[in-house]
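So the structure is just underneath, and the comments pick up after that.
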Amino acid sequence: MHQDVDQPGIVVLTGAGISKESGIDTFRDKDGLWTRYDLEEVATIEAWYRDKRKVLAFYNEGLGWFRGANIRPNAAHAALARLEREWRGDVLVVTQNVDLLHEGAGSRNVLHMHGQAGKIRCMTCGTVIDSNMELDIETPCPACGARGQLRPHVVWFGEMPMYMDEIYAALERCALFLSVGTSGTVYPAAGFVQHVRRHAPRAHTVELNLEPSDGHTLFRERIYGPASEVVPAYVEKVLTRGWM
């Protein structure tokens, strides 16, 4: 985080809705991934141990979802990068997305709680490697040589999200919490607004979403519309007039 802190801290939670306008499907759309795949068969730790070949085939296909020529940061990603550059306090983006669109837009202070595309991890030695290579059950780990142990560096259903201690610490000291493009159904992220209300009761909480999330009533302020419209407008407000 920034060392020169003259203003209160901001934490931004982002979900699949912010990346949809960049061409990446959300899980819950009528044409989303859950309608085309049984995620219990390809995106759980149980599936990994049951049929690694099937899980890796899904992963290999999924690489194309994040590196197509049309997949680029949109105005919402750019606005959050601007917020980090221009706000004279800490700005942390906590994203549920595995894409790198925040980084592509210029954000530097990003925690991927569900892991990242473009990284793989060895289940034997724990080494994390920057790589977009396709995997199969014979691919050896570059670090320890184990075969059949390389997996995508993402959090599958049933696994604990990453960076939770850092995230909760940031939530407890923030003055503004923004939730952007989330459904409010996936925990623990869906509970972040409650954590802020409990541990940082003076913080202002805002939902910026296409439509009300399951937990929309927990936010003090709610603004609805496409992320590429409502996020830049809200960032402009924060930078010029504050949020209250």
Side-chain angles (χ1 to χ4, degrees), residues 1-2 4-26 29 66-114 116-117 163 166-167 170-171 173-184 189-190 192-193 196 200 203-213 215-216 218-244:
M1 290 188 178
H2 304 307
D4 178 20
V5 179
D6 298 318
Q7 297 287 349
I10 299 172
V11 176
V12 185
L13 170 68
T14 66
I18 195 172
S19 295
K20 181 172 176 57
E21 292 181 71
S22 292
I24 297 177
D25 284 344
T26 66
D29 282 346
F66 305 109
R67 61 188 183 191
N70 62 316
I71 306 299
R72 298 175 181 174
N74 61 55
H77 297 103
L80 294 178
R82 178 194 174 198
L83 182 64
E84 181 183 328
R85 287 194 309 272
E86 298 184 18
W87 185 252
R88 291 178 62 89
D90 293 341
V91 176
L92 172 66
V93 173
V94 177
T95 185
Q96 300 174 85
N97 303 331
V98 301
D99 63 65
L100 301 179
L101 293 174
H102 285 298
E103 290 86 348
S107 291
R108 296 173 298 168
N109 200 20
V110 182
L111 292 180
H112 287 265
M113 62 182 294
H114 291 161
Q116 291 178 247
Y163 309 111
E166 295 174 59
I167 292 168
L171 292 172
R173 63 175 178 263
C174 76
L176 174 64
F177 173 67
L178 304 178
S179 179
V180 179
T182 67
S183 64
F192 286 173
V193 62
V196 171
H204 189 56
T205 55
V206 184
E207 176 168 272
L208 303 172
N209 217 1
L210 185 61
E211 57 190 19
S213 71
H216 70 280
L218 297 171
F219 292 87
R220 294 184 180 180
E221 185 177 1
R222 301 179 289 274
I223 302 172
Y224 299 112
S228 61
E229 297 176 10
V230 299
V231 176
Y234 196 81
V235 166
E236 177 69 20
K237 173 189 172 184
V238 169
L239 293 175
T240 57
R241 306 191 305 278
W243 56 76
M244 302 300 289

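We use all heavy atoms of the structure for the numbers below, so side chains are in, but hydrogens, waters and symmetry mates are not.
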Under the 3.5 angstrom rule, does the side chain of [X] hit a backbone N or O of [Y] as a donor-acceptor pair?
X      : Y     : value
His114 : Val98 : no
His112 : Asn97 : yes
Ser22  : Ile71 : no

Taking every non-hydrogen atom, the tightest pair across [X] and [Y]:
X      : Y      : value
Ser107 : Ala81  : OG-CA, 3.4 Å
Glu21  : Pro226 : OE2-C, 3.6 Å
Ala227 : Ala76  : O-CB, 3.4 Å
Ala105 : Ala78  : CB-N, 3.8 Å
His77  : Ser19  : NE2-OG, 3.7 Å
Cys174 : Ala203 : O-CB, 3.5 Å

Legend entry - Whether Trp87 and Trp243 hold their rings parallel, tilted or perpendicular, with breakpoints at 30° and 60°: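 Trp87 vs Trp243 ring planes: tilted.
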In Å and rounded to the nearest 0.5 Å, what is the [atom1] to [atom2] distance from [X] to [Y]?
X      : Y      : atom1 : atom2 : value
Leu210 : Thr182 : CG    : OG1   : 11.5 Å
Tyr234 : Leu80  : OH    : CG    : 12.0 Å
Ser183 : Glu211 : OG    : CD    : 10.0 Å
Leu171 : Glu166 : CG    : CD    : 12.0 Å

Inset, instruction - Give a yes-or-no answer on whether the side chains of Ser228 and Asn74 include a donor-acceptor pair shorter than 3.5 Å. - result: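 Asn74 and Ser228 do not have a side-chain donor-acceptor pair below 3.5 Å.
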Inset, instruction - Consider only side-chain N and O atoms of Glu207 and Ser213, and report whether a donor and an acceptor are under 3.5 Å apart. - result: yes
May I ask you to test the [X]-[Y] pair for a side-chain heavy-atom distance under 4.5 Å?
X      : Y      : value
Leu176 : Val206 : yes
Val12  : Val180 : yes
Val193 : Phe177 : yes
Phe192 : Val11  : no
Gln116 : Leu100 : yes
Leu111 : Ile167 : yes

Inset, instruction - Using the side chain to side chain contact (heavy atoms under 4.5 Å, CB included) rule, pick out the option among Val110, Ile18, Ile24 that qualifies with Leu101. - result: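 Considering Val110, Ile18, Ile24, a side chain to side chain contact (heavy atoms under 4.5 Å, CB included) with Leu101 is found only for Ile24.
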Inset, instruction - Please assess Val91 against Asn109 for the test side-chain contact (heavy atoms from CB on, under 4.5 Å), listing each intermediate value before the final yes or no. - result: CA-CA 7 Å; Val91 176; Asn109 200 20; 5.8 Å; no
Inset, instruction - Keeping to residues at least two apart or across chains, list the salt bridge (charged side-chain N to carboxylate O under 4.0 Å, His left out) pairs with something in residues 222-244. - result: Arg82-Glu236, Glu221-Lys237
